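The next block holds one structure in the form of structure tokens; read it before the comments.
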There are 2 protein chains.
Amino acid sequence: MVENNDKHLDATFSALSDPTRRAILSRLALTDLTVTEIAEPYEMSLAAVSKHIGVLARAKLVSQHKEGRIRRCKFEPAALNAVADWIEYYQRFWQENLQSLENYVEKLKD
Amino acid sequence: MVENNDKHLDATFSALSDPTRRAILSRLALTDLTVTEIAEPYEMSLAAVSKHIGVLARAKLVSQHKEGRIRRCKFEPAALNAVADWIEYYQRFWQENLQSLENYVEKLKD
DNA sequence: AAAATATTCAACCAACTAGTTGACAATTGT
DNA sequence: ACAATTGTCAACTAGTTGGTTGAATATTTT
């Protein structure tokens, strides 16, 4: 079952509000990576990156699979559904505004 | 011009990560409201609500129009576009996963 | 068995956040 | 002119966040 309450939405939006975490996701979208691999391009400590991954994991945006001493991290796009649904609902107002504008322009022609 | 850099995305995701702010947006989506009207249902002080509105305004999710001593607040759905685009890009991986699953199920039939 | 590797944990710090209260500025009503 | 209303600002507090370092744990390699 997909958790879909406010708390989860909070956690997901919050996880995505950090550029480091979005960058991590963008790389994980291409291929699964270990914690060390994820950390490699960053100046910050491994522990810091591990924490970022923890935040993403708590939001279910990544899952971790233990393989011996390494932990392979996997992007979980399903976690974006709740956010996408939220956004989509409110974007409807954008569409409606465009429609209103269109109607207005149309009316000007007469 | 629509600002579309990482900082703006940070601010938007961050603004949306708070349930009070999402609730404010959901009411503003229905109709424009003054600061006092927005604050009315909440236990918290007017100043606190004013700060929340400030966060939403900095993320361009709401605009404020001064009318005498009141400030009317308006939902600006256009600010969601950057977020929607970001999400949409990554949701593609969700679709691809579904597609892969479909292909797999299809193959099982043979 | 000992050393190296991969990762997390715990304690700490600085910066930020969400809330408070009280004072202030601008506008409107009496 | 005075009082009431609307909203923000400034200063403060408690809790959270993003980073650090050093120690601890689990696993693999030698």
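Keep in mind that what you see is a predicted model, and the values were worked out from it rather than measured. The sequence lines fix the lettering, A, B, ..., with proteins before strands; numbering per chain opens at 1. As a basis for the values below, the full set of heavy atoms in this structure was taken, side chains included, without hydrogen atoms, waters or symmetry mates.
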- Note on the structure: The nucleotide from D:dG18, C:dT21, D:dT6 with an atom nearest the side chain of B:Ala47 is C:dT21

- From CG of B:Leu46 across to P of D:dT8 the rounded distance in Å is 8 Å

- Query: Between the side-chain atoms of A:Arg71 and the base atoms of C:dT7, is any donor-acceptor pair under 3.5 Å?
  - Reply: no

- Message: On the side chain of A:Arg69, is there an atom forming a donor-acceptor pair with the base of C:dT5 - under 3.5 Å, no angle test?
- Response: yes

- Which nucleotide in C:dT21, D:dA11, D:dG19 has an atom nearest any side-chain atom of B:Lys51: D:dA11

- Query: What does A:Arg72 touch in the nucleic acid at a heavy-atom separation under 4.0 angstrom: a base, only the sugar-phosphate, or nothing?
  - Reply: nothing

- Note on the structure: Taking D:dT20, C:dA18, C:dT21 as options, the one with an atom nearest any side-chain atom of B:Arg21 is C:dA18

- Query: In a check of side chain to side chain contact (heavy atoms under 4.5 Å, CB included) between B:Gln64 and each of B:Leu56, B:Val35, B:Ile70, which one passes?
  - Reply: B:Val35

- Task: Specify the separation, in whole Å, of atom CG of A:Asp18 and atom P of C:dT17.
- Result: 12 Å

- Query: Roughly, in whole Å, what's the span from CD in A:Glu43 to C1' in D:dT20?
  - Reply: 14 Å

- Query: Counting distance only, does the side-chain N/O of A:Arg22 pair as donor-acceptor with the main-chain N or O of A:Leu16 below 3.5 Å?
  - Reply: yes

- Task: Hey, which sits more toward the 5' end of DNA chain D by its nearest nucleotide, A:Val49 or B:Glu37?
- Result: B:Glu37

- Phosphate oxygens OP1/OP2 of C:dT27: is one of them under 4.0 Å from a side-chain N or O of B:Lys66? yes

- Item | For atom CD1 of A:Ile24 and atom C1' of D:dG19, their distance in whole Å | 13 Å

- Message: Does C:dT7 have its OP1 or OP2 closer than 4.0 Å to a side-chain nitrogen or oxygen of A:Gln64?
- Response: no

- Query: B:Met44 CE to C:dT17 P: how many Å, rounded?
  - Reply: 16 Å

- Message: What is the separation between atom CD1 on A:Ile38 and atom C1' on C:dA6, rounded to the nearest whole Å?
- Response: 13 Å

- Quick one: does NZ or CZ of B:Arg92 land under 6.0 Å from the six-membered ring centre of B:Tyr89, within 45 degrees of the ring axis? yes

- Item | Lys/Arg N to Asp/Glu carboxylate O, B:Lys60 vs B:Glu76, below 4.0 Å | no

- Interatomic distance, B:Leu33 CG vs D:dG7 C1' [rounded to whole Å]: 15 Å

- Item | Contact under 4.0 Å: B:Ser50 side-chain N or O vs D:dG7 OP1/OP2 | no

- Task: Nearest whole angstrom, please: distance from the P of C:dC16 to the CG of B:Asp10.
- Result: 13 Å

- Message: For the backbone of A:Leu46 and the side chain of A:Ser50, can you confirm whether one donor and one acceptor N or O come within less than 3.5 Å of each other?
- Response: no

- Candidate nucleotides C:dC9, C:dG19, D:dG18, ranked by approach to the side chain of B:His52 - the nearest: C:dG19

